[in-house]
Amino acid sequence: MNIAAVIVDVPAKQTDREFDYKIPDKWLGLIQPGMRVIVPFGPRMVQGFVTGLKDKSEFDKLRQIKEPMDLEPVLNSELLQLGNWLTLKAMCFKISALQAMLPSAMKAKYEKVLKVTGDKKNLLDPEVQRFLANHDSISWKDVINGGETVRFQKEVQKGNVEVIYQVKNRMNKKKVKMVETILSVQEMKDMMSSLSANAKKQQEVIQYFIEHQEKIQLKDLLEATGASNSTIKTLVDKKVLRESDEEIYRNPYENRTFEKSNPFTLTDEQAAALSPIVASVEKDEHDVFLLYGVTGSGKTEVYLQAIDAVLKKGAEAIMLVPEISLTPQTVKRFKERFGEQVAVMHSGLSVGEKYDEWRKIHRKEVKVVVGARSAVFAPFENLGLIIMDEEHESSYKQEENPRYHARDVAIERAKNHKCPVILGSATPALESFARAQKGVYQLLPLTRRMNNHPMPSVEIVDMREELRGGNRSMFSELLFEKLKVRIERGEQTVLMLNKRGHSSFVMCRSCGVVLNCPNCDISLTYHRMNHSLKCHYCAHEEKMPSICPECSSDHIRFFGTGTQKVEEEITKLLPEARVIRMDVDTTSKKGSHERLLQAFGEGKADILLGTQMIAKGLDFPNITLVGVLSADTMLHLPDFRSSEKTFQLLTQVSGRAGRHELEGEVVIQTYTPEHYSVELSSYQDYDSFYEREMFIRRQNHYPPYFYMAMVTVSHEDLMKTVATTEKITQFLGARLSKGAIILGPVASPISRINNRYRYQCLIKYKREPELQSLMRSILEHYQQETAQQKLQINIDLNPQIMM
DNA sequence: AGCACGCCGACT
DNA sequence: GTCGGCGTGCTC
């Protein structure tokens with residue numbers, strides 16, 4: 001077994017297969033499947049994953065593995081197999097699937113360095129010598145930036161300079177310097193007397209080690225003794241002390257303490273939901289449970305106790321939460337119950353912190369991981385349970401390659417491990433609820449709120465009426481009155497502005513022109529910070545004009561009610577109200593999300609104003625009013641799921657009110673009060689919504705009645721884009737069954753991004769066993785053109801967003 | 001993806 | 001006659 005099959009880090013169709021390498025004798029037995037290695041590939045070095053070992057290769061001129069990057073496999077056999085599954089499911093390259101399962105810190109960083117060969121320095125072109133100054137190596141990037149490529153290439157040809165390809169980890173293990181003594185106490189005491197009298201600091205350090213023999217961090221030792229680095233160095237040279245580097249974990253929760261919490265007594269409903277889960281955990285059975293519980297019904301406690309059962313049998317659990325709700329509140333509940341056994345994975349952590357949390361899992365130092373989408377790949381080997389909270393959330397679908405849905409991955413992994421999956425939601429995705437109805441998933445309902453708190457009362461305000469009544473502000477009279485009362489009573493309010501759809505776009509009031517991005521067919525967004533206009537799809541940015549570029553009128557201004565504008569209006573109307581605003585602007589800095597929520601929780605504000613990000617996971621006892629400023633902004637998006645999304649969002653945000661002793665009220669402002677998703681969300685009536693929406697889905701042949709696949713084609717040339725999409729559409733039309741519905745080619749809802757036109761073709765189908773291979777052959781057919789970046793073809797086998 | 005190789009046009 | 005443009009094909 002001295003040959004390794006390796007998937008190299010070159011995401012291209014032609015290299016999307018195993019390459020064989022000889023394992024050098026010194027690494028024999030050490031190199032295992034699942035390890036990352038550095039291998040020569042053509043003229044350069046690349047990272048690769050060992051996927052298998054063998055004795056023979058079809059290929060006879062094998063090259064050798066240069067070196068391993070890991071001492072132990074980073075992907076176990078289950079994850080390697082999952083990688084193959086993911087490759088098929090997401091139609092991505094094998095390398096992309098493997099890399100998606102690891103923290104980004106483990107992606108390779110490549111550097112090309114030029115180094116002067118041996119003693120050839122004085123043979124170099126004087127210009128080259130000058131450019132090198134007194135270094136004997138230089139990064140290729142610097143050579144390009146300095147415009148010296150030609151001269152250096154000549155030197156390379158002459159053999160005066162050699163090219164070195166380096167492959168490095170993106171992130172290193174964090175290390176600290178430790179100091180310890182290598183002498184006995186007696187030896188140190190002897191030493192003390194022989195030291196000269198003016199070596200005061202050395203004496204103090206030795207005295208310290210006479211009193212404490214343990215290893216200590218250099219930093220702490222310096223602090224404790226007042227000695228300096230040079231003193232320590234002297235003592236190291238005198239062979240009194242020894243310095244060493246020790247790996248440590250970056251700890252994002254360093255300054256937090258978590259008080260141990262104990263399981264609560266469950267309500268009858270909770271207990272009834274928990275028992276089949278525990279039974280399944282104990283019997284090592286694969287089941288999918290849909291925990292369908294109204295907001296505030298105590299789903300989290302069921303999760304916690306289910307995990308408890310998993311830990312009791314010595315297994316591990318993955319707890320998935322949507323990115324946005326990974327607030328300290330959520331983390332806290334898990335850390336309080338399971339203490340040091342919990343690792344946390346979410347985008348708020350730095351690359352290094354994520355890497356360290358991952359290593360804790362890999363080294364089996366933790367048993368539970370709480371994290372967003374990618375945590376579904378946590379390298380546990382004895383998985384006992386996977387939980388997906390708020391399973392309807394769209395953030396579980398990765399919208400870039402590999403386009404996987406964490407729900408599918410969770411179920412696939414649970415099958416491999418013979419363990420249950422819990423999908424939890426107050427407003428399940430229609431696909432999930434339909435499966436529960438069919439008995440594919442097991443439905444576990446929680447119909448009542450904890451301690452029998454009533455559901456909040458919801459009032460819908462028709463904003464058209466308000467306008468007719470002469471109220472042109474963004475607050476209806478009702479909402480404003482209720483808001484005033486809360487402030488008088490010292491209770492808290494959550495105001496949600498559903499900004500998606502149209503944010504603060506800029507329009508001329510004279511000629512009606514809307515300012516669009518020159519590269520993308522999308523309106524520019526006004527940013528107050530630097531008084532500029534930005535495109536959210538490309539990097540385009542321009543100054544806010546003072547006159548309309550079309551008609552030169554100065555009646556140009558930004559529209560759309562941004563959170564900033566709402567905040568200004570509140571300050572005008574209720575100057576005494578303290579407002580915390582949460583949106584992309586105020587939460588972009590690391591940890592600011594947490595800080596703002598904490599401040600609100602501590603009662604430092606009366607109003608929490610924000611976008612969707614405040615709809616989930618908030619659980620503060622003092623919130624008695626929730627206001628939705630405009631419920632219907634996302635209702636009219638060109639997406640068949642927009643009703644579902646609206647219903648879910650309104651129901652979720654309403655659930656923020658009255659979760660504790662105080663009763664809650666909700667005011668929903670809308671221009672379409674008659675729409676069923678607005679109306680039914682006010683009764684929190686998921687079941688009726690489900691019936692209504694399923695009827696529409698059936699009529700229009702949408703999921704869950706049909707599966708979907710979407711092909712998006714983009715090219716700089718509009719005609720080429722249309723023609724290619726047309727060809728693909730015809731190709732599929734001729735080969736798919738009669739039951740398949742093929743829509744297209746049509747322009748994407750965002751018809752141009754970064755000067756590339758976008759067309760799409762949507763396939764709705766019930767059963768197409770050939771679909772995957774047809775899609776593969778499409779990709780293959782256009783391989784050359786896509787490789788040259790002229791053409792882009794994106795295939796999503798389960799699109800969540802129609803853009 | 002890189003990178004080498006190789007085949008054609010415009011320069012010393 | 002050579003330099004350098006980019007299309008073509010390969011990487012164990």
Side-chain angles (χ1 to χ4, degrees), chain A residues 1-25 27-28 31-33 35-69 87 91-100 104 107-115 125 127 139-145 147-159 161-168 170 400-402 715-717 720 779-794:
Chain A
M1 302 291 249
N2 62 341
I3 292 169
V6 175
I7 301 284
V8 291
D9 180 17
V10 182
K13 193 93 208 73
Q14 294 165 336
T15 52
D16 188 30
R17 60 186 178 87
E18 288 175 333
F19 287 84
D20 291 344
Y21 286 88
K22 201 170 166 301
I23 301 172
D25 292 344
W27 309 119
L28 255 180
I31 287 182
Q32 296 292 326
M35 273 187 186
R36 295 173 306 153
V37 288
I38 298 173
V39 291
F41 195 64
R44 60 208 166 113
M45 292 290 164
V46 296
Q47 187 188 61
F49 286 83
V50 177
T51 50
L53 299 181
K54 45 192 178 182
D55 288 315
K56 267 204 209 100
S57 173
E58 311 267 285
F59 200 83
D60 37 314
K61 284 171 287 184
L62 293 187
R63 296 174 78 182
Q64 289 206 332
I65 287 177
K66 185 173 167 250
E67 57 181 295
M69 290 182 86
T87 306
M91 306 220 36
C92 65
F93 301 126
K94 292 186 179 70
I95 188 67
S96 317
L98 296 176
Q99 272 170 350
S104 60
K107 257 209 250 156
K109 205 171 68 180
Y110 296 101
E111 212 175 341
K112 186 174 166 182
V113 176
L114 299 184
K115 188 168 168 284
D125 176 344
E127 283 292 315
S139 155
W140 180 241
K141 260 203 190 121
D142 293 341
V143 175
I144 293 174
N145 293 337
E148 291 291 343
T149 48
V150 179
R151 262 189 254 275
F152 273 91
Q153 271 169 346
K154 277 186 190 145
E155 297 297 340
V156 172
Q157 271 165 24
K158 279 193 246 166
V161 169
E162 55 189 327
V163 187
I164 297 171
Y165 295 90
Q166 288 176 339
V167 184
K168 283 186 191 153
R170 197 158 290 224
E400 64 215 49
N401 270 325
H715 195 279
E716 282 184 12
D717 178 11
K720 177 77 185 166
L779 288 179
E780 231 143 89
H781 183 256
Y782 290 102
Q783 185 191 304
Q784 280 108 328
E785 281 170 276
T786 49
Q788 294 164 57
Q789 294 286 299
K790 284 181 188 154
L791 186 69
Q792 262 175 42
I793 299 177
N794 251 315

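Note on naming: letters A, B, ... go to the chains in the order of the sequence lines (proteins, then strands), and numbering restarts at 1 for each one. No experiment lies behind these values; they were computed from the predicted model shown. All values below were derived from every heavy atom in this structure, side-chain atoms included, with hydrogens, water molecules and symmetry-related copies excluded.
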On DNA chain C, compare the nucleotides closest to Val150(A) and Arg17(A); which residue's is nearer the 5' end? Val150(A)
Table please: side-chain donor-acceptor pairs of residues 6-15 of chain A below 3.5 Å, with sequence neighbours left out.
from, atom 1, to, atom 2, distance (Å)
Asp9(A), OD1, Gln99(A), NE2, 3.4
Asp9(A), OD2, Tyr110(A), OH, 2.8
Thr15(A), OG1, Val10(A), O, 2.7
Thr15(A), OG1, Ala12(A), O, 3.2

The side chain to side chain contact (heavy atoms under 4.5 Å, CB included) partners of Gln788(A) (sequence neighbours excluded) come to Gln784(A), Lys790(A)
In the 5' to 3' direction, the nucleotides of DNA chain C bounding the stretch that comes under 4.0 Å of a heavy atom in chain A are dC10(C) to dC12(C)
How would you list, by chain and number, every residue that makes a salt bridge (charged side-chain N to carboxylate O under 4.0 Å, His left out) with Lys109(A), sequence neighbours excluded? none
For residues 35-42 of chain A, please give each side-chain donor-acceptor pair under 3.5 Å, one per line with the distance, not counting sequence neighbours.
from, atom 1, to, atom 2, distance (Å)
Arg36(A), NE, Asp70(A), OD1, 3.3
Arg36(A), NE, Asp70(A), OD2, 2.9
Arg36(A), NH1, Met106(A), O, 2.8
Arg36(A), NH1, Asn169(A), OD1, 2.9
Arg36(A), NH2, Asp70(A), OD1, 2.7
Arg36(A), NH2, Asn169(A), OD1, 3.4

Heavy atom of residues 45-67 of chain A under 4.0 Å from DNA chain B: which residues? none
side-chain hydrogen bond (donor to acceptor under 3.5 Å, both in side chains) involving Lys112(A) - partner list, sequence neighbours excluded: none
Counting only heavy atoms not in Glu127(A) (residues, nucleotides, ligands), do more than 12 fall under 6.0 Å from its CD? yes
Can you name the side chain to side chain contact (heavy atoms under 4.5 Å, CB included) partners of Thr149(A), sequence neighbours left out? Trp140(A), Val143(A), Ile144(A)
Do nucleotides 1-12 of chain B as a string where each nucleotide becomes B, S or -: B if the base has a protein heavy atom under 4.0 Å, S if just the sugar-phosphate does, - if no protein is that close. BSS---------
Excluding sequence neighbours, so at least two apart, what forms side-chain hydrogen bond (donor to acceptor under 3.5 Å, both in side chains) with Lys720(A)? Glu785(A)
Sequence neighbours left out, what passes side-chain hydrogen bond (donor to acceptor under 3.5 Å, both in side chains) with Gln32(A)? Give chain and number order. none
Who are the side-chain hydrogen bond (donor to acceptor under 3.5 Å, both in side chains) partners of Asp20(A), not counting sequence neighbours? Lys54(A), Ser57(A)
